[in-house]
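One structure is given below, encoded as structure tokens.
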Amino acid sequence: MIVVNGKELDWRADLTFTEVYKDIGYTISNPRVIVKVNGISVPKAEREGYKIPDSSVIEVINTLCGG
């Protein structure tokens with residue numbers, strides 16, 4: 001189990017950020033966001049191969065503002 005923006009999601013060994021984004025409602029696979037895993041920022045360049053640990057608390061912060 002992981003927690004993403006306060007929402008519990010099932011964890012699996014091959015879980016990717018693209019799947020996490022989809023699970024929380026993003027319609028694009030690589031949105032412009034800031035991602036923190038257990039309080040530590042994960043740079044965009046490192047997200048593709050990042051292994052999301054079980055029991056992680058993830059924050060996905062949208063950086064785009066509407067107008």
Side-chain angles (χ1 to χ4, degrees):
M1 178 83 50
I2 62 171
V3 177
V4 181
N5 292 353
K7 178 181 174 185
E8 291 184 351
L9 299 174
D10 290 329
W11 177 85
R12 55 194 173 279
D14 59 350
L15 186 63
T16 66
F17 281 112
T18 299
E19 292 166 323
V20 168
Y21 301 147
K22 187 172 151 186
D23 287 346
I24 63 172
Y26 282 94
T27 57
I28 56 175
S29 62
N30 195 11
R32 291 184 181 202
V33 293
I34 296 169
V35 176
K36 291 185 178 182
V37 177
N38 299 321
I40 300 170
S41 291
V42 179
K44 186 175 183 175
E46 296 177 16
R47 292 181 201 159
E48 187 172 327
Y50 189 88
K51 301 208 184 291
I52 299 171
D54 191 11
S55 302
S56 292
V57 176
I58 300 172
E59 295 175 77
V60 180
I61 304 157
N62 193 348
T63 60
L64 293 178
C65 297

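Along the sequence shown, residues carry numbers from 1.
E59 contributes atom CD, which lies 11.5 Å from atom CD1 of I40 (distance to the nearest 0.5 angstrom).
In this structure, I58 and L9 have side chains that are not in contact, with every pair of non-hydrogen atoms separated by 4.5 Å or more. For the pair N38/V57, a side-chain contact is recorded, criterion being any heavy-atom separation below 4.5 Å from C-beta on.
Hydrophobic cluster membership is shared by V35 and Y50, with clusters built from Ile, Leu, Val, Met, Phe, Trp and Tyr side chains linked at under 4.5 angstrom.
Between S56 and V37 the shortest heavy-atom distance is OG-CG1, 3.8 Å. Closest approach of L15 to I52, counting heavy atoms only: O-CD1, 3.8 Å.
Applying the side-chain hydrogen bond (donor to acceptor under 3.5 Å, both in side chains) test to pairs two or more places apart or on separate chains, those with a residue in residues 9-36 are T16-E19.
Under the side-chain contact (heavy atoms from CB on, under 4.5 Å) criterion, E8 pairs with M1, V3, sequence neighbours left out.
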